[in-house]
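Data first, discussion second: the structure below is written as structure tokens.
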Protein chains: 2
Amino acid sequence: MLRTPHGAVETPTFMPVGTKGTVKGLTPGDLRTVGAGIVLGNTYHLYLRPGPELVREAGGLHAFTGWDGPMLTDSGGYQVFSLARTRSISEKGVEFASVYDGSLHTFTPELTTRVQEDLGADIAMVLDECPPADVGYGYHQESLRRTARWAERCKEEHRRPDQALFGIVQGGLYPGLREESLARTVEIGFPGYAVGGLSVGEPREQMLETLSLTAPMLPADKPRYFMGIGDPVGILEVIGLGVDMFDCVLPTRLARHGTALTAGGRINLRNAEYRRDLGPLDPECSCETCAGYSRAYLAHLVREDELLGHRLITLHNVRFTVELCRRAREEIVAGGYEEWARAWISRYTGAAA
Amino acid sequence: MLRTPHGAVETPTFMPVGTKGTVKGLTPGDLRTVGAGIVLGNTYHLYLRPGPELVREAGGLHAFTGWDGPMLTDSGGYQVFSLARTRSISEKGVEFASVYDGSLHTFTPELTTRVQEDLGADIAMVLDECPPADVGYGYHQESLRRTARWAERCKEEHRRPDQALFGIVQGGLYPGLREESLARTVEIGFPGYAVGGLSVGEPREQMLETLSLTAPMLPADKPRYFMGIGDPVGILEVIGLGVDMFDCVLPTRLARHGTALTAGGRINLRNAEYRRDLGPLDPECSCETCAGYSRAYLAHLVREDELLGHRLITLHNVRFTVELCRRAREEIVAGGYEEWARAWISRYTGAAA
């Protein structure tokens, strides 16, 4: 259970991503209806547009967007390193070119902390560098130490008592560096910890191996946030390793490409087989989309690139992912998680159960 | 009051257009929430995609789309004449190239009637030719006579007792031809009549003049449908001339371009002045959009081309237009329509009241 000024969230919990202050296509009411517990906003995008001054003036991201439940903002670090074409990193911070207009900006630990205070989410994140897995031991070591110094500066800058600031563990795929990053971050002391720098292109096996070494060392009484996972199998795997929170654009992005998540696996509604399929999207789901529309109608909307298709499939995919977490929670409480998760994955991937 | 197998509709009524089986961005639930009474579907588009066979198999357009209220389909005639690049008209029907893939199709009065029976709306329309206003007297005369013969064939072909088939009056801007078209169409006998071939680019003055000559001659005990008007001023003007029903993509199309209808006139949310405007979209409107979001947030969504922006403004514009009709009805009943409409238009257009 994660407690925030905007309510408590049962864990494990999937955080739908509202990059620019909206989970694409959905209203806050929709998010509540599908049972979303906590929503994520991207500081990189919101800093550039519409800008933190306006959001602060509006009363924060909650008031601006109408979502009055728990909310988390990232620090923008990940976007700076994954989106920007030009950037230079120094002890002070990171300079980058806006993905919108190429204008130059510098994110420092102090700035991203202040910006996140303006945005006013319940949970803010420290500025971290998120290097690709393959940059080598030396770079990862140097980077995680700078990230730890940045984390200290973030904590020092952070003022809002109604906002929690989480630390982030880096260190690539090196067990020793993960351990060092974790020790340095925990030493600074945060009310929650994220594992960053994974699920960034490395093989799934390596990701899980690194996470399985890192997760048990995180303080047991603090929330554990795994950054950037949202496929059903990955979610169940990281939950199995003790993760409480995770986020990813996958369920919403897939939806906009016409792909729906179902208990029997992903289905792409552009495929000819769904064109005349008058059955529900996922017979086991009770969301508005599955209750009210056929695969054939959704396939028609997708082919015609109709807004309603994006919206209805997004609604379902978020509901599906939220519901998966709810089931996982039940199974954890009941004590049968491992077995249940194995059977669920077998069915989802089409492997023999 | 218009009675249909799917419920009664208070008139005058604006029909939101669900071109491809969806009012872009809105669910049937949204349409009910904003008070939409009757929704229009386009036979041209639905015939080409997903095809009438699939819609019939799904149980008709009501079951396929989830809208269980009153519905009207046009015959596709207007789209054939306005969208298609190549077409040839004969007594038999009209050949056209699909706007999707250029494939050749022929609409005959018999075919569009059968297709509309497959779609299964409460109201179907006869196939008509809708020539541009300026093709000349001779062409309009020839065309309206052919349209009358087509209307007869539509009526002969029409089978469904649970579907009303409406006739359409053409005749360009020539009073004599309008009179002839009206007499021929009424002679065939339909449960409702549309005025077509207006609001197709001619000056508003001429449109109103022609309508004001035509409308009073239509049977007083049958619904009068003016095809293709949806701007607030035009709506009030045609209501003033005795029109009961009208449709237009304008409110929904404007929304997708970031333009909202308000009591004080149209506002384009891309304009800089709305960027920091934390007030509601239309202070006098109680729709979900106006109740829950600021102009600044909507302006942000529009600038970022976010799905939610299209959706929320569409919701408002449909609600605004539906509400305008509801007010008009009240004023008609109260006996003060003309005065009220004049004042409303003055305020909307910014003229001195």
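Chain identifiers are assigned alphabetically (A, B, ...) following the order of the sequence lines, protein sequences preceding nucleic acid strands; residue numbering begins at 1 within each chain.
In this structure, the side chain of His300(A) engages the main chain of Lys20(B) through a donor-acceptor pair within 3.5 Å.
A 6.0 Å sphere centred on CZ of Arg253(A) holds no more than 12 heavy atoms belonging to other residues, nucleotides or ligands. When the shell of 6.0 Å around OH of Tyr78(A) is examined, it contains 12 or fewer heavy atoms from other residues, nucleotides or ligands.
The contact between Glu288(B) and chain A is made entirely by side chain atoms (from C-beta outward), counting heavy-atom distances below 4.5 Å. With a threshold of 4.5 angstrom between heavy atoms, Tyr293(A) approaches chain B through side-chain atoms but not through N, CA, C or O. Of the atoms belonging to Thr19(B), not a single heavy atom falls under 4.5 Å from chain A. Both the backbone and the side chain of Thr65(B) come within less than 4.5 Å of a heavy atom of chain A. Heavy atoms closer than 4.5 Å to chain A are found in the side chain of Asp30(B), but not in its backbone. For Tyr297(B), the parts lying under 4.5 angstrom from a heavy atom of chain A are both the backbone and the side chain. Contact of Leu54(B) with chain A is made through backbone and side chain together, with heavy-atom distances under 4.5 Å. Contact annotation for Arg275(B): only backbone heavy atoms (N, CA, C, O) come within less than 4.5 Å of a heavy atom of chain A.
Counting heavy-atom pairs closer than 4.5 Å to chain B, the top-ranked of the candidates Arg256(A), Glu304(A), Arg49(A) is Glu304(A). With chain B as partner, the option from Ala296(A), Gly309(A), Gly59(A) having the largest number of non-hydrogen pairs under 4.5 angstrom is Ala296(A). Taking chain A as the reference chain and counting heavy-atom pairs below 4.5 Å, the highest number among Glu53(B), His45(B), Arg303(B), Arg276(B) is found for Arg276(B). Taking chain B as the reference chain and counting heavy-atom pairs below 4.5 Å, the highest number among Gly66(A), Pro50(A), Pro28(A) is found for Pro50(A).
Checking Leu307(B), Leu26(B), Thr22(B) one by one against Leu308(A), the side-chain contact (heavy atoms from CB on, under 4.5 Å) holds for a single residue, Thr22(B).
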